[in-house]
Amino acid sequence: MNLGQMMLVLGAIVLLGVLILNANATVYQATDTMYTSEFGVTAISLATSLVEEAMGKMFDQIIAGANPAAVYDSTLFTAPGDLRAEGSERYRGGANDFNDFDDFNNLFFVYKSDVPADSTPTPGSTYEFTIHGLRGKYFARTKVEYVRLPNLDVPYTIRPTWHKKLTVTVKAAGEKDSLVFPAVMSYWN
């Protein structure tokens, strides 16, 4: 084998190495895109489910208790510092189920797969659910606060208003990003 043939073989090996590296990078990017898309779809589904469930409740405890005076006076609504489930109310608790929007304040949900590795309870979680086919754990935190027009992004802690904002934050185990899903419920008199 002469020098020219050796150079051709060396060039072919370099080209093959470049092609293999590019193929590996492409496979990695495709896999990363697939997992990111799966996280996005699952996180949006979980957040939407929580928001829709909260929106199906009454605006406030006083309205759930059928007090018509609340229709004309927002100061009768639950105080900003007391936004939470009242008494024995529990999420999906049958007769003691949540009955108003702010019962969803400061909850920590864990959604996990039915594989044995996910069976260990998560410290600090309020509620844990097993979902068949879910890949990995998803963590959802909820926050309810009063807001007022014109800026619905700033919490209003002085007194009750006609608008409450629920913010659901979903994060998957091992993911660097999280999904923040806000929703505003208003009570119009």
V144 and F101, any side-chain heavy atoms less than 4.5 Å apart: yes
Shortest non-hydrogen separation from L107 to F98 and the atoms involved: CD1-CE1, 3.6 Å
S88 OG to E86 CD distance, which is reported to the nearest 0.5 Å: 10.0 Å
Given T78, N99, D82, the one that forms side chain to side chain donor-acceptor pair (under 3.5 Å) with Q61: N99
Y91 and Y127 aromatic centres sub-6.0 Å: yes
Exam field: side chain T48 to backbone S45, donor-acceptor pair closer than 3.5 Å: no
Centroid-centroid distance, W162 to F59, less than 6.0 Å: no
4.5 Å side-chain heavy-atom contact, F139 and F109: no
Closest approach of L149 to L152 (non-hydrogen atoms, all atoms of both residues): CD2-CD2, 3.9 Å
Closest non-hydrogen atom pair between Y146 and T161, with its separation: CD2-N, 3.3 Å
V184-F181 co-clustered via ILVMFWY side chain contacts under 4.5 Å: no
Validation row: L134, K112 side chains within 4.5 angstrom (heavy atoms): no
Criterion side-chain contact (heavy atoms from CB on, under 4.5 Å) on Y187 and D60, from CA distance to verdict: CA-CA 9 Å; Y187 186 78; D60 196 78; over 6 Å; no
Audit row: M185, K165, side-chain contact (heavy atoms from CB on, under 4.5 Å) steps and yes/no: CA-CA 6 Å; M185 182 180 217; K165 180 180 177 182; over 6 Å; no
Heavy-atom side-chain proximity of R135 to F39 below 4.5 angstrom: no
Steps toward side-chain contact (heavy atoms from CB on, under 4.5 Å) verdict (L46, I131): CA-CA 11 Å; L46 294 172; I131 300 174; 4.2 Å; yes
Pairwise side-chain contact, L166 with T142, heavy-atom cut-off 4.5 Å (strictly under): yes
Geometric cation-pi criterion K137 and Y111, 6.0 Å radius, 45° cone: no
Test item: I63 and F77 side chains (from C-beta on) under 4.5 Å apart, heavy atoms: yes
Candidate pair D100 and E89, rule side-chain contact (heavy atoms from CB on, under 4.5 Å), full reasoning: CA-CA 10 Å; D100 64 298; E89 291 178 343; 4.3 Å; yes
Counterpart residues, ring-ring contact (aromatic ring centres under 6.0 Å, His included), relative to Y138 (two or more places apart): none
Aromatic F104 / basic R84 pairing, under 6.0 angstrom, 45° off normal: no
Within-4.5 Å side-chain heavy-atom neighbours: V180 and T167: yes
K143 and V168, any side-chain heavy atoms less than 4.5 Å apart: no
Interatomic spacing from CG in N105 to CG in D102 - rounded to 0.5 Å: 7.0 Å
Heavy-atom closest contact (P80 atom, L83 atom, distance): O-CG, 3.5 Å
Pairing of K171 and D177 as salt bridge, 4.0 angstrom limit: no
Donor-acceptor pair between D114 and T130 side chains, under 3.5 angstrom: no
Under-4.0 Å salt bridge between K164 and E145: no
